[in-house]
Each structure stands twice: as structure tokens, then as C-alpha cells.
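Notes follow the structure.
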Protein chains: 2
Amino acid sequence: MARAGRRPGQRSTSDDVLAAARALFAERGYRATTVRAIAAAAGVTPAMIHHFFGGKRQVFLAAIQMPIDPAAILDSVSDGPREESAQRLVRAFVSSWSSEVTGPALRTMIRSAVADEEHAAALRAFAEAVLLPRASAALGVPAVRVAAAMSILVGQAVARSVLGIGPLAALSDDELVALYTPPVQAALGPRAPQSQRGS
Amino acid sequence: MARAGRRPGQRSTSDDVLAAARALFAERGYRATTVRAIAAAAGVTPAMIHHFFGGKRQVFLAAIQMPIDPAAILDSVSDGPREESAQRLVRAFVSSWSSEVTGPALRTMIRSAVADEEHAAALRAFAEAVLLPRASAALGVPAVRVAAAMSILVGQAVARSVLGIGPLAALSDDELVALYTPPVQAALGPRAPQSQRGS
């Protein structure tokens, strides 16, 4: 929204780019999709895509309507004592969903990914190629445990913010963080001797 | 499907009943919706509804396309040592989603509940009026903790079976149960001295 140089009249070109990106990411996966291929499919130049969006990851995030950059969140999560990383992860996730800016967009994104197979395939490709490996390295736990932790947070968001289940919707952010940190910690694995595992 | 007395030619009446039920459950909530009101809205007699579906809960489950009766699952979960109830809950949930009979229907149900506000409202009403109070009593933990445990399992299903996130999709049912039991246990609360709390 705050990005410069994007006027209302250019919207349909931008939509073409995002539709082409969504289709290619879903079909070929995240890694095999290039900005050049997206540009060719959308009938624009790669330079235009770089101008409008930045790089491939930004095109991807816009294509799946993701209003936040998970990489930035991961950086903040891995920055601090490891025994509190579960709590930082839960807090960062809860804050994004509670925000009046990013919350509604995240609801739209999850609704769309659950309803639309192409959207789901793009999100899956990004999670497997970028998000899980990066989070796994940052947190020092296997990708499958990171995936389990993320799924818990997605379930929380679906139950609370999409379905609106009463007892969860009534909780404050702090109460939510307190309730979900132990399960996320349990999904990430045994807390104490993690650094002995050579990660 | 095995229910007697339902012939193809009667399908549109049944659909009318389910549409009326969905609208009323969403608008009035689960408790305030009667079989009589559903019958009136659908232009049939209450006796026809009882004949086709059974009681109110069965109409509800059909209306939200829920292929299993959570009450039956809860009975099996609460039947056994309480310290293993988290594991039984996870196993019952994972089995329903892995089944070739109920799995696809559960995927359809969750997709529909996430995409459609009326469907979500009906599911929410049922969860708050029936499912959470009953599960809370059966497991001896507060409703908010049951809701958190359920949300973890829904997140697992969304990540694995709807989005198809690789590391989770690759797991066997037993591996899934092993991975998700500790988080669900953590959501349900401290394991050891639960029986001292007078539940």
C-alpha cells in the first residue's frame, strides 16, 4: 500500500502479474518459477515486475495475498534466548492476526488458500522451499516439527478469527500467547538439551 | 448413506431442509433452533424431518456436511485412563481424517466452513452449545482448553490434508499421533494432578 509508483490505472497489469505468478508457482513450485517466466506469462518485462514488487519473494507474497513477510518475523523470533523462541513465535503470529492492518488480510489469505487449490499449491510450494527450511535452521529443529508448530498457529487462527469459536475469541492476546505457547513448545520438541543436538 | 427410506427422487426436499437448517442454526444459534422451525421454513412436517434425519443433532450434522458424530467420538475418548485421553483424542481425530469414507467429507466440511460465513456460524453455534461443554465435562478441563486442543487438530488437518504441506503429509497416522499428542496434552493442561481439581 505504501509502495510508491503504483497508480490506480495500473491495477490491471499488476493483477495480470499476480495471476500469472499464482499459476506458475502452483504449477512449477517456488524454486523453479522465475521472475522472467512470470513476466513472459503476464506480457510484461522483468524490469516492470522488479519495479512494481521488488523480487520473487515479494511477488509471491502478493500473489498469495500474504500481507506480512514471514522472513522478517522469523528473524525477530530467532533473535533472543532459544528457550523462549516458542513464546516469541506465538506472540509474533498472534500480533499479526490481531493487527487491524494485517489481520483482515491474513483472514482473506487463509480463506482463499483453503478454498482454492491453486492458491493452496502456491502456498505449499513456498512453505516447503523457503519457509520451513529457513525456520528449521533459525529454530534449530527439524522441518516437520516447525510444520507442526505452524499448523497449531494456523488452527488457532482458523478457530478464533475465521470460525469465531467463543471461548478463544474472548481471550486477550496475552492470554492467547499463554495458552498456545506450551503446545507450540511441545511441537518444537524437548526444551532443555536442544543445543546438545548439534544444531 | 446407509439410512433407509431416502430415495433419489426425494433429494430436493432433503436439500431444502438442510438449507433451512443451515440458515436457522446460523441465525438463531443451535439451542434456539427447533426441528419444528426448520420444518416450517422448509415447508415440510416435523415428522418428515424425524423420518429423514432422526433428531436435531443429526439434521445439524447433515447441514454442515459433518460425516461423523463428534458425540460418539467423545464417548470413545473419555472411555479409558484420563492420562491417555489426549492421545485417544488425537488418534480418533487422525483416523477420521485418514478414512477413505469420512476423510474427503471432512475436507469438504472444513473448506466450506472456512469459506462460507453461514456455514461457519452454524458450526460455531454447535461447538459452543454442544461440543465444547460436552467435551469439557468428558475430559474434565475448561472449555477454553478443549477449544485450544480442537484448534490444534483442525490446524493439523488444514496443514496436512487441505494445504498438503509436505513434511506433514508424509507422516503415517502413528507418526502424526506421536507428533501431536504432546501439544494437545499441553493445551488440555497439566497432566498429573488433574483429578485433585474436583472434576
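Here is the naming used below: chain letters follow the sequence lines, and residue numbers restart at 1 for every chain. The figures that follow rest on heavy atoms only: side chains count, while hydrogens, waters and symmetry mates do not.
When B:Ala148, B:Pro167, B:Ala186, B:Ala147 are compared by the number of non-hydrogen pairs under 4.5 Å with chain A, B:Ala148 comes out ahead.
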Determine all donor-acceptor pairs shorter than 3.5 Å in which one atom belongs to a side chain in residues 153-166 of chain A; sequence neighbours excluded.
unit_1, atom_1, unit_2, atom_2, d
A:Arg160, NE, A:Leu168, O, 3.0
A:Arg160, NH2, A:Leu171, O, 2.8

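Closest heavy-atom contact between A:Leu179 and B:Ala187: CD1-O, 4.4 Å. Closest of all the heavy-atom pairs between B:Tyr180 and A:Ser151 is OH-OG, 2.6 Å.
Within residues 114-127 of chain B, the residues approaching chain A closer than 4.5 Å by heavy atoms are, in numerical order, B:Val114, B:Ala115, B:Glu117, B:Ala120, B:Leu123, B:Arg124, B:Ala127. At a heavy-atom separation below 4.5 angstrom, chain A is approached by no residue within residues 30-41 of chain B. Of residues 102-111 of chain B, those residues lying under 4.5 Å from chain A by any heavy-atom pair are B:Ile110, B:Arg111.
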